[in-house]
Amino acid sequence: MAIAVVVAAGLVEGVALGSAQAWPLGRWLSSLQRGRYVLATVLVAGLGWAGASAPAVLTGDGGGDAPPLSLVLIGAAGLGLVLGPLLGLAQAVALRGATPHPWRWVSANAAAWPPAMCLIFLGASLPGESWPVAWLLLTGAVTGAAAGAALGLVTGWFLPSLTGAPPHNRLVLDVLASPFRGRLDSRLVGLSVHGRTSGRRYRFPVQYAVDSHGLVVVPGHAERKSWWTNLRIPGTPVSVLWGGDWEPGAADLLRPGDPGYDEALTTYTRRWPRLHLPAGQPVVRIRYAGPPLGNP
């Protein structure tokens, strides 16, 4: 009966978690098969939770002293670091076909589950033997809400990365837009470009150099990227993130032989002398309308 109880509880937990996540994900990704996503969640989260709970339920109270809370939280974080990526991997398989970057969901769960598990174990360690049932239920509800909020905030931050910029790019942009950017914007700026065909906005951090004509940006490994191909029309509108704000600009794509190409390339290589650029490297010149930029 004890085994049946923990398995049933795990299945309920898996169905609840999978359904709660599949609803907003389905609105974000219209082609998501929600049933497959819930099934993947049940198989990993539900049965994993049951498997982790079974030993404690079957052995009961051994009468020994409880481990210190610090050790409990370390173990909870470690459990989250193990189960989070496993759950993310199973859910990423279910996300295939619904998003161009399903495997980024593995990182989302790896980041989200350690704090969530710490909150769950912290809440579970609070009740004493003399606590009334009402207090136990209230503690469980508050713990579940706090852990769910932590899980939702972290995975929600990763959600746009399933269809857009990778998480590390978005993190750098968030720092550049914050008051805590320090001197990061002396090396990097954010660049916003609209796709000519898709109409989508692409935002990402780039290294830059500055001269009297404006801002110079080089698309590294240009053969692997396409954002710069949207700038073939001279004076294409772009936006630049510097000093915490997005400011308008106009970009020109320069190729070898174009007027101003050699000067722009020289500006960039002087700023970044250790960078080796291939022959025929495209260069982007941006006439920037915001506050003055300066190389360190």
Side-chain angles (χ1 to χ4, degrees), residues 5-29 32-54 56-57 69-70 72-95 98-99 102-127 131 133-163 167 170-171 174:
V5 168
V6 296
V7 170
L11 293 176
V12 170
E13 188 269 345
V15 171
L17 175 62
S19 300
Q21 288 184 328
W23 179 73
L25 279 172
R27 298 187 64 182
W28 182 269
L29 308 169
L32 173 66
Q33 297 183 23
R34 299 184 185 183
R36 188 171 68 170
Y37 184 91
V38 173
L39 178 60
T41 306
V42 170
L43 290 177
V44 177
L47 296 182
W49 183 271
S53 304
V57 172
L69 181 60
S70 59
V72 171
L73 295 181
I74 292 174
L79 185 61
L81 282 173
V82 173
L83 294 182
L86 291 176
L87 176 61
L89 182 62
Q91 292 177 334
V93 173
L95 289 170
T99 175
W103 308 116
R104 292 175 182 172
W105 200 237
V106 179
S107 300
N109 281 273
W113 275 102
M117 292 300 292
C118 286
L119 289 170
I120 291 171
F121 276 66
L122 176 62
S125 66
L126 293 178
W131 281 37
V133 175
W135 280 105
L136 291 174
L137 294 176
L138 178 61
T139 301
V142 172
T143 299
L151 187 69
L153 286 173
V154 177
T155 55
W157 184 86
F158 276 84
L159 189 57
S161 298
L162 293 178
T163 57
R170 296 181 54 239
L171 180 60
D174 286 347

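This is a predicted model, so every value here is computed, not measured.
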Mind checking what makes side-chain hydrogen bond (donor to acceptor under 3.5 Å, both in side chains) contact with W135, not counting sequence neighbours? none

The reported gap from CG in L43 to CG in L87 (rounded to nearest 0.5 angstrom) is 10.5 Å

Non-hydrogen side-chain atoms of W103 and L162 separated by less than 4.5 Å: no

So CG of L32 and CD of Q21: to nearest 0.5 Å the spacing works out to 11.0 Å

So do N109 and L83 actually touch side chain to side chain, heavy atoms under 4.5 Å? no

Find out whether L17 and L151 are in side-chain contact, i.e. whether some heavy atom of one side chain is under 4.5 Å from a heavy atom of the other. yes

I want to check something: taking the side chain as every heavy atom from C-beta on, are L89 and V44 in contact at a cut-off of under 4.5 Å? no

Is any side-chain heavy atom of W105 less than 4.5 Å from a side-chain heavy atom of T99? no

A side-chain contact here means heavy atoms from C-beta on lying under 4.5 Å apart; do F158 and R104 qualify? no

One should read off an interatomic distance between L138 CG and T143 OG1, to the nearest 0.5 angstrom, of 9.0 Å

Side-chain heavy atoms of L73 within contact of L122, under 4.5 Å: yes

Report the residues that fulfil side-chain hydrogen bond (donor to acceptor under 3.5 Å, both in side chains) with R170, sequence neighbours left out, ordered by chain and then residue number. S161

Close side-chain approach of W113 and P85, heavy atoms under 4.5 Å: no

